[in-house]
A.B. asks: 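Pasting in a structure now, in C-alpha cells, and then I'll have a few things to ask.
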Amino acid sequence: AQKITQTQPGMFVQEKEAVTLDCTYDTSDPSYGLFWYKQPSSGEMIFLIYQGSYDQQNATEGRYSLNFQKARKSANLVISASQLGDSAMYFCAMRPYSSASKIIFGSGTRLSIRP
Amino acid sequence: DVKVTQSSRYLVKRTGEKVFLECVQDMDHENMFWYRQDPGLGLRLIYFSYDVKMKEKGDIPEGYSVSREKKERFSLILESASTNQTSMYLCASSHRGHRESNQPQHFGDGTRLSIL
C-alpha cells in the first residue's frame with residue numbers, strides 16, 4: 001500500500017528555534033518523489049521542497065531542508081530559525097513513479113510559532 | 001509564476017442543487033486535479049485529468065463529476081449537493097515532464113463550500 005504518515009498533529013515552537021516535522025512513507029515503487037507543502041490559514045497550498053528517491057544529497061531551499069533517510073523511509077522537514085509567519089499546516093506528500101501523476105498526502109501537522 | 005485560479009473563495013448552496021466549481025490554470029499544464037480537504041483527513045483526490053476531455057476517478061468520486069473541454073479549465077460538478085459535501089475544495093495542476101516524479105502540483109486558493 002502507498003501511504004504517508006505524519007504522526008504529529010500539532011506542534012508549538014519558540015520563534016527562532018529550529019523545528020523538525022516528521023514524515024514516513026510506504027511504497028513498493030523503486031522510484032518516487034517526496035514533497036512538502038505549507039498551508040497558511042488563508043487556505044492556499046504552497047510548494048516548499050522536493051526530494052527524489054535517487055537524489056544523493058538532501059534537498060535544501062532557503063530555510064527549509066529535507067532530512068531524507070531512504071532506508072528508514074522517512075523524509076522529515078527541517079525549518080531553521082523559525083519565524084511567526086511559519087505558523088501553518090504542513091503536508092508531506094509522495095508521488096510513486098507508477099502512480100501516473102497522482103500525489104498521496106499525509107494528514108498534516110499544524111505548526112504554531114510562539115513569539 | 002504558475003497561477004491556478006478557482007472561481008470562488010466561499011460558496012453557500014442548498015441541498016439538492018447542482019453546483020459548479022471552476023478552475024483555470026495559465027501555465028499550459030497537462031494535468032489537473034480536484035481534491036477535497038477535511039480536518040484530520042488531509043487531501044483526498046476526487047478526480048483528475050491528463051488531457052482535454054480525459055478524466056479519471058480518484059479516491060472519492062461518488063457524488064461528483066468533472067468536465068475538461070479546454071486544456072486550461074477543469075470543472076468540478078456536484079450533481080445533487082448534500083450536506084456531507086460541505087468541505088474545502090482545492091484545484092491543482094502540474095506539468096507532465098519526462099521525469100514526472102519531480103513535478104510539483106500547483107494549487108489554487110481553495111473554495112470553502114457549505115451545503116445547507
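Throughout, a chain's letter reflects where its sequence line sits, starting with A, and its residues are numbered from 1.
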A.B. asks: Which residues in residues 67-92 of chain B have any heavy atom lying under 4.5 Å from a heavy atom of chain A?
C.D. replies: B:Met88, B:Leu90
A.B. asks: Report whether A:Trp36 and A:Tyr64 are members of the same hydrophobic cluster (ILVMFWY, side-chain heavy atoms less than 4.5 Å apart, transitive linking).
C.D. replies: yes
A.B. asks: Calculate, to the nearest 0.5 Å, the distance between atoms CD1 and CG belonging to A:Ile104 and B:Asp59 respectively.
C.D. replies: 8.5 Å
A.B. asks: If you group Ile, Leu, Val, Met, Phe, Trp and Tyr by side-chain heavy-atom gaps below 4.5 Å, do A:Leu77 and A:Met94 land in one group?
C.D. replies: yes
A.B. asks: Here's a test for you: under side chain to side chain contact (heavy atoms under 4.5 Å, CB included), which of B:Phe33, B:Tyr35, B:Phe48 qualifies with A:Ile103?
C.D. replies: B:Tyr35
A.B. asks: If two hydrophobic side chains count as joined below 4.5 Å and joins carry through other members, does B:Leu43 share a cluster with B:Val66?
C.D. replies: no
A.B. asks: Count the heavy atoms of every other residue, nucleotide or ligand shown that sit under 6.0 Å from CD of A:Gln57, and state whether that count exceeds 12.
C.D. replies: no
A.B. asks: What residue, out of A:Pro9, A:Gly108, A:Ser53, A:Ser42, has the most heavy-atom pairs lying under 4.5 Å from chain B?
C.D. replies: A:Ser42
A.B. asks: Just so I know, are the side chains of B:Gln37 and A:Gln39 near enough to count as touching, which here means a heavy-atom distance under 4.5 Å?
C.D. replies: yes
A.B. asks: Which residues, numbered in order, of residues 107-116 of chain B come under 4.5 angstrom of chain A by heavy-atom distance?
C.D. replies: B:Phe107, B:Gly108, B:Asp109, B:Arg112
A.B. asks: Inspect the surroundings of NZ in A:Lys70 and state if more than 12 heavy atoms from other residues, nucleotides or ligands are less than 6.0 Å away.
C.D. replies: yes
A.B. asks: Pick one of side chain, backbone, both or neither for B:Leu45, based on which atoms fall under 4.5 Å of a heavy atom in chain A.
C.D. replies: side chain
A.B. asks: Do B:Gln105 and A:Met45 have side-chain heavy atoms sitting under 4.5 Å apart?
C.D. replies: no
A.B. asks: Give the cluster check for B:Trp34 versus B:Tyr10: same hydrophobic cluster or not, with ILVMFWY residues linked at side-chain heavy-atom distances below 4.5 Å.
C.D. replies: no
A.B. asks: Hey, any chance B:Leu41 and B:Ile46 share a hydrophobic cluster, counting ILVMFWY side chains that come within less than 4.5 Å of each other, even indirectly?
C.D. replies: no
A.B. asks: Given that the side chain runs from C-beta out, which part of B:Arg9 has a heavy atom under 4.5 Å from chain A: side chain, backbone, both or neither?
C.D. replies: side chain
A.B. asks: So does A:Arg110 have more than 12 non-hydrogen atoms from other groups sitting under 6.0 Å from CZ?
C.D. replies: no
